[in-house]
Amino acid sequence: MLVIGAGVHGLTCGVVLAEAGRQVLIRTAERPRETTSAVAGAMWGPARLKPPERVLYWATLSHAEFTSLARVENSGVHLASGRMAARFDLGDVVPPETKLIPDLQRCDEQELPDGFVWGYRGTVPLIDMPRYLDHLLDRFLAAGGEIRLGPVQTLADAAAECDTIVNCTGVGAHELVGDPSVHAVFGQHVVVRNPGLEEYFIELSDGGEFTSWMPHGDRVVLGGISLADDWRRTPRREISEGILRRAARLEPRLADAEVLEETVGLRPGRESVRVDVEHYRGARLIHDYGHGACGVGLSWGCAFEVAELVEGKTE
Ligand SMILES: Cc1cc2nc3c(=O)[nH]c(=O)nc-3n(C[C@H](O)[C@H](O)[C@H](O)COP(=O)(O)OP(=O)(O)OC[C@H]3O[C@@H](n4cnc5c(N)ncnc54)[C@H](O)[C@@H]3O)c2cc1C
């Protein structure tokens, strides 16, 4: 069977299917480390996406997998404590996924940076994406999977090649599927040498700019920015400067940190996540795309559902 895409969804589906004994070929326009997935921060966290019941289910299964991967050497996953905070009051009602955070606690005033009025502290899986994608690729190949570099031009070509196809093309689904509801949400990170941080910080914001840092050993990934319908894929200096300035204001240790890299990724925005089956030119085409800013945190749950759809257990 054919999986299109080698971001976190294509590789996770590849792993689940290949480890279940399927012959799987992944075709991908980019190497795993060149995808949007490689750019993500990344944390498992509450996903405010639709459809809410299925998103909660996918997030729950994924949380369990990431928690056990944190015990696997070189997986790139570890559990870290940190704060999720906002400059406005979000009240006492927290998303249902937060029940999975064992030590979740409301922050008191002294625990919040200046200008912040709301926040929670809790331990979540943090995923160092370049290393984690290497881990997934190794697992996929060890299970007998094959990967081939080069774009799939049309779904008709794919259907002529194979009768079961899993489509994990992220923003690429806009063109490949012709799904106009898929749009790019531009994101940029600055990766710095870690000055000694162990905790993550993420600002919940309604605007396009926010502050976040996620430590992964000797590197820290700083964010963030979110620009809807912006398909450019080159880092912009003024955005990096803003990211560094905002981070240093909240965490002085980041002020002089050495910049290692600036990275850009396109979050696959869509009104709701798509995981379903389409019957297309004699093939079964299983879609798994449109996970916006939460694709890493939903990846295992979606892959398990894809595997059930492949087996025809659910339609
Ligand atoms: C700055 C930033 C921070 C983020 N932080 C987080 C976070 O903390 N937590 C979280 O859960 N998520 C986060 N995300 C979101 C997450 O990165 C995405 O939701 C996720 O990576 C989407 O994965 P994917 O595999 O669907 O797509 P992608 O990673 O984009 O992979 C798509 C794959 O499809 C291939 N492809 C596309 N079209 C074709 C074609 N025609 N033929 C062949 N191959 C094709 C591509 O080459 C690629 O291999 C963040 C994203 C960004 C940009």
Side-chain angles (χ1 to χ4, degrees), residues 2-14 25-49 55 58-59 62-63 66 84 97 124-129 132-133 136-137 147-155 157-158 165-179 182 184-191 200 202 210 212-214 216 221-227 230 233 235 239 243 262-270 273-275 287-303 306:
L2 176 66
V3 174
I4 312 175
V8 71
H9 280 270
L11 286 178
T12 312
C13 287
L25 168 67
I26 293 181
R27 288 183 60 187
T28 175
E30 302 152 305
R31 291 181 175 82
R33 277 181 174 243
E34 297 163 349
T35 61
T36 280
S37 297
V39 173
M43 74 185 284
W44 173 95
R48 284 180 288 177
L49 294 179
V55 168
W58 296 325
S62 302
H63 182 270
F66 283 121
M84 302 165 229
E97 291 95 320
V124 298
L126 287 194
I127 303 114
D128 183 3
M129 290 307 295
Y132 178 59
L133 293 173
L136 288 178
L137 181 59
I147 185 161
R148 202 179 299 159
L149 195 61
V152 172
Q153 301 296 352
T154 65
L155 287 176
D157 290 349
I165 303 156
V166 180
N167 168 31
C168 300
T169 46
V171 283
H174 180 89
E175 197 176 321
L176 189 66
V177 181
D179 181 342
V182 176
V185 182
F186 174 96
Q188 183 166 321
H189 278 149
V190 180
V191 182
Y200 70 86
I202 179 133
F210 55 96
S212 68
W213 58 82
M214 294 182 196
H216 301 291
V221 179
L222 311 181
I225 186 101
S226 191
L227 301 174
D230 188 329
R233 289 196 71 170
I239 292 179
I243 288 173
E262 294 160 85
T263 55
V264 164
L266 302 181
R267 303 173 183 94
R270 193 174 188 269
V273 178
R274 182 171 192 192
V275 179
H287 297 287
D288 176 16
Y289 66 85
H291 310 86
C294 304
V296 180
L298 301 178
S299 52
W300 283 99
C302 293
V306 163

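Counting starts at 1 for both ligands and their atoms, following the listed order. We number each residue from 1, following the sequence as shown.
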Is [Y] close to [X] at the side-chain level, that is, under 4.5 Å between some pair of heavy atoms?
X: Val182; Y: Thr169; value: no
X: Val221; Y: Met129; value: no
X: Ser299; Y: Phe66; value: yes
X: Leu298; Y: Leu49; value: yes
X: Val3; Y: Leu25; value: no
X: Met214; Y: Ile202; value: yes

Does [X] reach ligand 1 with a nitrogen or oxygen that is under 3.5 Å from one of the ligand's nitrogen or oxygen atoms?
X: Gly297; answer: yes
X: Ile4; answer: no
X: Gln188; answer: no
X: Gly150; answer: no
X: Ala29; answer: yes

Determine, using heavy atoms of Val171 and all atoms of ligand 1, whether some pair is separated by less than 4.0 Å.
no

Please check this pair: side chain of [X] against backbone of [Y], looking for a donor-acceptor N/O pair closer than 3.5 Å.
X: His287; Y: Asn167; value: no
X: Glu97; Y: Ala47; value: yes
X: Thr154; Y: Asp157; value: yes
X: Thr36; Y: Arg267; value: no
X: His189; Y: Ile243; value: no
X: Ser37; Y: Gly7; value: no

If you measure from each non-hydrogen atom of [X] to ligand 1, which part falls under 4.0 Å: side chain, backbone, both or neither?
X: Leu298; value: neither
X: Ala293; value: backbone
X: Cys168; value: backbone

Should one rank [options] by closest heavy-atom distance to [atom], which comes out on top?
atom: atom 15 (C) of ligand 1; options: Gly292, Ala47, Ala40; result: Gly292
atom: atom 2 (C) of ligand 1; options: Glu30, Arg267, Arg31; result: Arg267
atom: atom 22 (C) of ligand 1; options: Gly170, Pro268, Cys294, Ser226; result: Pro268
atom: atom 9 (N) of ligand 1; options: Met43, His189, Glu175; result: Met43
atom: atom 53 (C) of ligand 1; options: Gly265, Ser299, Cys302; result: Gly265

Check ligand 1 against [X] and write out every atom of the ligand that is under 4.0 Å from a heavy-atom position of the residue.
X: Gly41; answer: 3 (C), 4 (C), 5 (N)
X: Ala42; answer: 7 (C), 8 (O)
X: Thr35; answer: 29 (O), 48 (C), 49 (O)
X: Ala6; answer: 33 (C), 48 (C), 49 (O)
X: Gly7; answer: 25 (O), 29 (O), 31 (O), 33 (C), 49 (O)

Which residue and atom name correspond to the protein heavy atom nearest [atom], and how close is it?
atom: atom 30 (O) of ligand 1; value: Thr36 CB, 3.5 Å
atom: atom 35 (C) of ligand 1; value: Gly5 CA, 3.7 Å
atom: atom 41 (N) of ligand 1; value: Val152 O, 3.0 Å
atom: atom 39 (C) of ligand 1; value: Thr169 CG2, 3.7 Å
atom: atom 20 (C) of ligand 1; value: Ser37 OG, 3.8 Å
atom: atom 25 (O) of ligand 1; value: His9 N, 3.0 Å

Sorted by chain and residue number, the side-chain hydrogen bond (donor to acceptor under 3.5 Å, both in side chains) partners of Arg148 (sequence neighbours excluded) come out as none

Which word best sums up how the rings of His291 and His9 line up, parallel for under 30°, tilted for 30 to 60°, or perpendicular for over 60°?
parallel

Going by salt bridge (Lys or Arg N to Asp or Glu O under 4.0 Å), name the residues that satisfy it together with Glu30, two or more places apart in sequence or in a different chain.
Arg233

